[in-house]
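Taking it in order: structure first as structure tokens, then the write-up.
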Amino acid sequence: MAQNTVKFHKLTRIYKYCFTFAQLYQFLIAFIMNILLLGAGGREHALAWKMVQSKLCSKLFIAPGNAGTAQFGININISATDFAAQKECCLENNINLVVVGPEEPLVKGVYDFYNKELPQIAVIGPAAFGAQLEGSKAFSKKFMQRHNIPTAGYAEFTNENFEEGKAYIAKHTLPVVLKADGLAAGKGVVISSTHEEALAAFEEMIINKQFGDASSKVVIEEFLDGIETSVFVLTDGKDYKIIGHAKDYKRIGEGDTGLNTGGMGCVSPVPFVDDVFMHKAETRIIQPTVNGLAAENISYKGFIFFGLIKVNNEPLVIEYNCRMGDPETEVVMPRLKNDLVELFLAVHNGSLKEQTTAYDDRACATVVAVSGGYPGEYKKGFEISGLNNLKMNSNSIVFHAGTKQIDDTVVTNGGRVLTVTSYGANITDAVKKSKAVLQQIHFDGMYYRGDIGYEFE
Ligand code: AMP
């Protein structure tokens, strides 16, 4: 008995030392946390803006970044999908944490690459298998079916059962939704109001390989009529935290008209997302998704973007994405009060359960300025003026998307050029502030929607 007590005391002493070492490690990490952020858009500028506010962020590198991210860290001219070049950069700069902005590197296995080549580095994002939630519509539909997660009814077809697919479409109620299985840069969804149009789109995808391999399989699903919103979650594979929600505006024209874009603006919080809706979304969709990933041993330490639609007051899943949205990040990050890097470390360590999230009470809106001609053809390289003399207060933030610094000048370098986020007493007030800032910015062909949040006025 006495011997056991001595052993116990020795063990407690060792434990105490271990605890001190653990604390020391935490302390050191706090001062040497070098982060590499992959991506180049407004989402990455917003993530950079948020991460540099963390006490845990020592140095930030962005690959490849834009003129805006360069204000917060060092842009490295490496593509987000060039993993071999990233490895060199990580070793040279003692990177501890890699945060993945866009979907392409995730679907191409960036997590798996680091896990094998640089296992000492924490990566925020799922392994390629889990990234199929976004990378394969058929995978995500089957996953939802297995876990009884509400979504539109569907069937999938390839070249092998093309004729069966045609017969399926011919009998389908209208409108009918066709989705290329793989990543198609946001262009792989066709909503047809006639069978002829749907059959032509089906043939274009499968026979004419409109999106290459991405459309060798096509998901055909029921059209859901309702209002959309997106909920954003961080998961460590076992637990999750909701970090925000938003509604985006995809169409180029005011009143939601014209072609689809990557996103012309966004608002948060969304007035129809009340506690009842959120409770349904959590219990019927978010929890079963995270539990499903865990039950199937799918390695997932990162963001899940739930694209939801509210039909007759019930939430259904339209899509999953395996990363944050753009421009949703530009309203979600400003409203999230937490230290984002601390949340990332909890994701990596599997201790997300111990974290508590908090949000700014104010509304946030972002209004995106795009190049003339976007989402069709547009020119790049126009000087952006006004950025250095903006009359605005801390209620507004300019996030760069398609911009590039050339000597002292910032020029346009993409379709979506920049976005102005503002806090406001309500959505209308926030949008008004963003527009007041945009009126001071100019580039050739600049266009933005003046009606973001119009239905909430
Ligand atoms: P996805 O890439 O699956 O998110 O689809 C892009 C957009 O198409 C969504 O944001 C919706 O606006 C629309 N959409 C996709 N699936 C459906 C559906 N089953 N019913 C109605 N609209 C849909």
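Order of appearance sets the numbers: ligands from 1, and atoms from 1 within every ligand. Side chains are part of it too, since the values below use all heavy atoms of this structure and drop only hydrogens, waters and symmetry mates. Remember, predicted model here, so these are calculated numbers, not experimental data.
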Nearest non-hydrogen protein atom, [atom]:
| atom | result |
| --- | --- |
| atom 11 (C) of ligand 1 | E228 OE2, 3.2 Å |
| atom 13 (C) of ligand 1 | I191 CD1, 3.9 Å |
| atom 2 (O) of ligand 1 | K137 NZ, 3.1 Å |
| atom 4 (O) of ligand 1 | E319 CD, 2.6 Å |
| atom 21 (C) of ligand 1 | L224 O, 3.2 Å |
| atom 23 (C) of ligand 1 | I318 CD1, 3.7 Å |
| atom 8 (O) of ligand 1 | V189 CG1, 3.7 Å |

query = Are K247 and Y249 in a cation-pi contact, defined as NZ or CZ under 6.0 Å from the six-membered ring centre and within 45° of the axis?
reply =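 Yes.
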
task = Establish, yes or no, whether the cationic atom of R362 lies under 6.0 Å from the six-membered ring centre of Y423 and within 45° of the ring axis.
result =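 The answer is yes; both the distance and angle limits are met.
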
Between [Y] and [X], is the closest basic N to carboxylate O distance under 4.0 Å?
| X | Y | value |
| --- | --- | --- |
| E330 | R43 | no |
| D256 | R449 | yes |
| K108 | E104 | yes |

query = What's the verdict on side chain to side chain contact (heavy atoms under 4.5 Å, CB included) for V231 and E282, showing C-alpha distance, side-chain angles and the deciding distance?
reply = CA-CA 10 Å; V231 179; E282 273 202 81; over 6 Å; no

ask   = Can you find a side-chain donor-acceptor pair between T419 and T366 that sits under 3.5 Å?
value =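 Judged by distance alone, the side chains do pair up.
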
key: Proximal atoms of ligand 1 relative to E221 (non-hydrogen, under 4.0 Å)   =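 This gives 16 (N), 17 (C), 18 (C), 19 (N) as the contact atoms.
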
inquiry  = Distance under 4.0 Å to a non-hydrogen atom of K179: what atoms of ligand 1 satisfy this?
reply    =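 With K179 as reference, the close atoms of ligand 1 come out as 3 (O), 15 (C), 16 (N).
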
query = Could a heavy atom of K250 be found less than 4.0 Å from some atom of ligand 1?
reply =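 No heavy atom of K250 comes that close to ligand 1.
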
request  = Output yes when a protein non-hydrogen atom is found under 4.0 Å of atom 18 (C) of ligand 1, and no otherwise.
outcome  =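 Yes, there is a protein heavy atom closer to it than 4.0 Å.
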
message = Using the rule ring pair (Phe, Tyr, Trp, His ring centres under 6.0 Å), only one of F305, Y320, F306 pairs with F232; which is it?
response =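 Result: among F305, Y320, F306, F305 is the only option passing the ring pair (Phe, Tyr, Trp, His ring centres under 6.0 Å) with F232.
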
